[in-house]
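Accompanying notes for the structure given below.
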2 protein chains.
Amino acid sequence: MLSAAPAKVSAMTTTSPQGRTELLRPDGSPVRVLVVDDELSITELLSMALRYEGWQIRSAGDGTGAVQTAREFRPDAVVLDMMLPDMDGLTVLGRLRRELPDVPVLFLTAKDAVEDRIAGLTAGGDDYVTKPFSLEEVVARLRGLIRRSGAADRRSESVLVVGDLTLDEDSHEVSRGGDNIHLTATEFELLRFLMRNPRRVLSKAQILDRVWSYDFGGQANVVELYISYLRRKIDAGREPMIHTRRGAGYLIKPATS
Amino acid sequence: MLSAAPAKVSAMTTTSPQGRTELLRPDGSPVRVLVVDDELSITELLSMALRYEGWQIRSAGDGTGAVQTAREFRPDAVVLDMMLPDMDGLTVLGRLRRELPDVPVLFLTAKDAVEDRIAGLTAGGDDYVTKPFSLEEVVARLRGLIRRSGAADRRSESVLVVGDLTLDEDSHEVSRGGDNIHLTATEFELLRFLMRNPRRVLSKAQILDRVWSYDFGGQANVVELYISYLRRKIDAGREPMIHTRRGAGYLIKPATS
DNA sequence: TGCGTTTCTCAGGGAAATCACAGGTTGCCG
DNA sequence: CGGCAACCTGTGATTTCCCTGAGAAACGCA
């Protein structure tokens, strides 16, 4: 769907050999993202996940470094922890904005600080996620920001399609063969992950790492449980699209094949 | 979109991928707005929000800078704080008018300011909002000013329509299926925000940031409360148009789908 | 100033979502 | 074909999120 870009416009999405759809900048170069957090484990985690998206990543551990890196790296988006050691989050934001007036920012905040100093942060089209976050959530939000900022293709749609199954990332609507399907937040994220990797086996560990928060300490069989939920809603009485590869994981693919 | 413009009027709106309608100038370039305020946090907030509308923004912190910037930037509209450090608001206005005789001005005033003087000023087609303002209010007023000044767009754009629900931004009239509905000021702004982003999930944070004043420090559940009020007036006994996406936010869409 | 309207806080109720647990089922291997 | 591991799914406890009534405070208008 997305890969069937019209010829007259320079292609701004491309489909990787594995079937993944990636965002690209107008000139065809990879999207650039700057990650700013003082916890090394977080920047590492994010860098890895975002690189996996095919993006080019730099990271910084404090406000000073963030501004410096932004100046020469000129990212298309920034992931910014609001709690930095050397300066207040809003100060960093201000200095970043002086360097890159139009760059969209995804804020990371502690859950209990949500009310605290979040006010106004989404007003300019920016967005935020609370710690602990899931990687799928961060990636999805970033994709949304980049898409809307115009740094990448305007036509890269917010709708994922696999066979007769569609998932709209803006309206959070899912339908199969025209029938609307209501999903819970977790079901939605799981399905989005599957649909962003069609025909590709995803292990339970991978799924846990991407769809659940990084601090999730529960049983690994939640994945089985949620796959079960999804099947009930999506495959119920139809040709199944979600398949188990015993000992390997799960995959989704169009029913007809 | 642009190429399909009617012959007599050049196209002046375009629809973004998200379904949002943007104002454009007759030649297709973005609308230009100059923001003048001495508080940095205010100019930053406004710049961010107005840029998100797709407009081109410059800002100034005092009257001298305002006049200078206006001279070379030649904005289509000006947002002007009446309390500037270096000169009286009226003086700034006069000098701006010498540069740009026809540019519409949106005044920012403190709530307790002498309203009769402002009222006199707005007789010429200008407008004003009192601090603390909500971003939806500023954006709406600016859109109105720009529309009426003829710098962009045809007149018909002041009515938002979603399904059988209509909202007139000029007369503040709302009706569903022919029935007139009375809304309070806050309800109206909330509904306008929803209707300007149909079929799109808006988080409570986004709604708070846009619809409530920037200094609102209250509980986030006012949003829930006002959604509740809106439902009572708009969805009462009808097919619901306002939907909750648990854990994500709210969205409005035509009843039939 | 007084009264109706609007905005907002607070708190209880209730529904939905998440997840652990455990027993049942399936597929694979020897 | 038996046994084991991997997987599926029903049940229900717990938590989270949302809705809304009641009333206090602020506002606006006469």
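Below, each value reflects all heavy atoms present in this structure, side chains not excepted, and no hydrogens, waters or symmetry copies. Remember, it's a predicted structure, so these values are computed and weren't measured experimentally. Numbers restart at 1 for each chain; the letters A, B, ... are given by sequence-line order, proteins then strands.
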Going by side-chain hydrogen bond (donor to acceptor under 3.5 Å, both in side chains), name the residues that satisfy it together with A/Asp209, two or more places apart in sequence or in a different chain.
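So A/Asp209 forms no side-chain hydrogen bond (donor to acceptor under 3.5 Å, both in side chains) with any residue.
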
Rounding to a whole Å, what distance do you find between [X]:[atom1] and [N]:[atom2]?
X: B/Leu230; N: C/dT7; atom1: CG; atom2: P; value: 11 Å
X: B/Phe188; N: C/dT7; atom1: CZ; atom2: P; value: 13 Å
X: A/Arg231; N: C/dT25; atom1: CZ; atom2: C1'; value: 13 Å
X: B/Ile207; N: C/dC8; atom1: CD1; atom2: C1'; value: 17 Å
X: A/Ile227; N: C/dT26; atom1: CD1; atom2: C1'; value: 17 Å
X: A/Lys233; N: D/dT9; atom1: NZ; atom2: C1'; value: 15 Å
X: A/Asp235; N: D/dT9; atom1: CG; atom2: P; value: 11 Å
X: A/Leu251; N: D/dC7; atom1: CG; atom2: P; value: 13 Å

Within the 3.5 Å criterion, strictly below it, is a donor on B/Thr166 or B/Ser175 matched to an acceptor on the partner's side chain?
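Short answer, yes.
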
If you measure only the distance, is there a donor-acceptor pair under 3.5 Å linking the side chains of A/Thr244 and A/Arg231?
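Result is yes, a qualifying pair exists.
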
Charged N to carboxylate O below 4.0 Å: is that the case for [X] and [Y]?
X: B/Glu53; Y: B/Arg210; answer: yes
X: A/Glu39; Y: A/Lys131; answer: yes
X: B/Arg200; Y: A/Asp168; answer: no
X: A/Arg148; Y: A/Asp127; answer: no
X: B/Glu136; Y: B/Arg196; answer: yes

Is the shortest side-chain N/O distance from [X] to OP1 or OP2 of [N] below 4.0 Å?
X: B/Lys204; N: D/dC17; result: no
X: A/Thr244; N: D/dC8; result: yes
X: A/Thr184; N: C/dT18; result: yes
X: A/His243; N: D/dC7; result: no
X: A/Arg232; N: D/dG10; result: yes

Overall bend - the helix from C/dT1-D/dA30 to C/dG30-D/dC1, comparing terminal axes fitted on five pairs, nearest 10 degrees:
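The end-segment axes of the helix from C/dT1-D/dA30 to C/dG30-D/dC1 are tilted 30° relative to each other.
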
For nucleotides 19-24 of chain C, tabulate all protein N/O to nucleotide N/O atom pairs closer than 3.5 Å, reporting atom names and distance.
unit_1: C/dC19; atom_1: OP2; unit_2: A/Trp212; atom_2: NE1; d: 2.8
unit_1: C/dC19; atom_1: N4; unit_2: A/Tyr229; atom_2: OH; d: 2.7
unit_1: C/dA20; atom_1: OP1; unit_2: A/Gln219; atom_2: N; d: 3.3
unit_1: C/dA20; atom_1: OP2; unit_2: A/Gln219; atom_2: N; d: 3.2
unit_1: C/dA22; atom_1: N6; unit_2: A/Asn221; atom_2: ND2; d: 3.4

Base D/dA6 paired with A/Arg246 side chain (donor-acceptor, <3.5 Å)
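For A/Arg246, whose side chain was compared with the base of D/dA6, there is a donor-acceptor pair (under 3.5 Å).
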
Minimum heavy-atom separation for B/Val105 to B/Asp126, with atom names?
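Taking B/Val105 first and B/Asp126 second, the nearest heavy atoms are N-OD1, 2.9 Å.
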
